[in-house]
Number of protein chains: 2
Amino acid sequence: MIQRIDWNAVPWQNIRQGVDRKAFGGERATLALHRLAPGHAPRPHAHEHEQIVYILQGEVDFHVGDEVVRLGPGGLLVIPPNVQHYAEVVGETDVLNLDVFSPARPDYLA
Amino acid sequence: MIQRIDWNAVPWQNIRQGVDRKAFGGERATLALHRLAPGHAPRPHAHEHEQIVYILQGEVDFHVGDEVVRLGPGGLLVIPPNVQHYAEVVGETDVLNLDVFSPARPDYLA
């Protein structure tokens, strides 16, 4: 039986004010679609997972270690394991940000 | 130095008739955006990588082992390692299909 989902049919999960998530994954990686609202409170954090960021909508400043990378739609970056990072929305459009975590994050699928 | 890219500024790489690709990745996973044109020749194949499919545009029948899964925008599925699979475009719209491979595929980034 193939593991599948339709994200359009799944409600957003509210994580904290201004941050919503949908998640899906396999054994080796987890995909998380994040919706970030302008003005959401940044929350610097780090984790052992490698995280690949792919911006689908909006504009965002990604703070990764000591660097700041501005990304718009079509922009991608790699956050190496254990490097502190956070996102900051630029402008007044919600950001849609697909994050790919490896290894998988079963905590996101609970 | 953060590894980053802007896919909007990168030309499509033609793989074969009706199939184009852009790829990017880290140490643990590779993201490949595939553009599939209606009528492209299906090419069943298998690989050791787990593959997570996320459809961004268009409609596609994914043949995975003995199953056929129809996906539209927002649809996702997991192709387990070593299971034969191929995609078949449904309708007349190009499909944009983000594939996440774990482990990474340096062959896609060459």
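What's counted below: heavy atoms across the whole structure, side chains too, no hydrogens, waters or symmetry copies. In what follows, chains carry the letters A, B, and so on, assigned in the order in which the sequence lines appear, proteins first and then strands, with residues in each chain numbered from 1.
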Report task. Would you mind telling me which of B:G25, B:G75, B:G26 has the largest number of heavy-atom pairs within less than 4.5 Å of chain A? Result -> B:G26
Requested in this report: Say whether, by atom type as modelled, one donor and one acceptor occur between the side chain of B:R16 and the main chain of B:H40 under 3.5 angstrom.
Outcome: no
Requested in this report: Evaluate the criterion side-chain contact (heavy atoms from CB on, under 4.5 Å) for residue pair A:H85 and A:H63; output intermediate values, then yes/no.
Outcome: CA-CA 5 Å; A:H85 58 279; A:H63 299 250; over 6 Å; no
Report summary line: Okay, B:L98 and chain A: the region with an atom under 4.5 Å from a heavy atom over there is side chain
Query raised in the report: Among A:N8, A:I5, A:D6, who wins on heavy-atom pairs under 4.5 Å with chain B?
Result: A:I5
Query raised in the report: Which atoms of A:E50 come close to chain B, meaning under 4.5 Å heavy atom to heavy atom: side chain ones, backbone ones, both, or neither?
Result: both
Query - A:N82/A:E48 under side-chain contact (heavy atoms from CB on, under 4.5 Å): CA gap, chis, key distance, verdict - result: CA-CA 5 Å; A:N82 304 310; A:E48 61 167 353; 4.0 Å; yes
Query raised in the report: Non-hydrogen atoms of chain B under 4.5 Å away: do they reach the side chain of A:P103, the backbone, both or neither?
Result: both
Requested in this report: Go through the steps for B:L56 and B:L33 under the test side-chain contact (heavy atoms from CB on, under 4.5 Å), then give the verdict.
Outcome: CA-CA 9 Å; B:L56 300 176; B:L33 184 63; 3.8 Å; yes
Query raised in the report: Side-chain heavy atoms under 4.5 angstrom apart, residues restricted to Ile, Leu, Val, Met, Phe, Trp, Tyr: same cluster for A:L76 and B:Y54?
Result: yes
**Report entry** Residue part contacting chain B, namely of A:F101, when any heavy atom lies under 4.5 Å
**Finding:** neither
Requested in this report: With a 4.5 angstrom heavy-atom cut-off, could you sort out which part of A:E27 is near chain B: side chain, backbone, both or neither?
Outcome: both
Query - Non-hydrogen side-chain atoms of B:M1 and A:E67 separated by less than 4.5 Å - result: yes
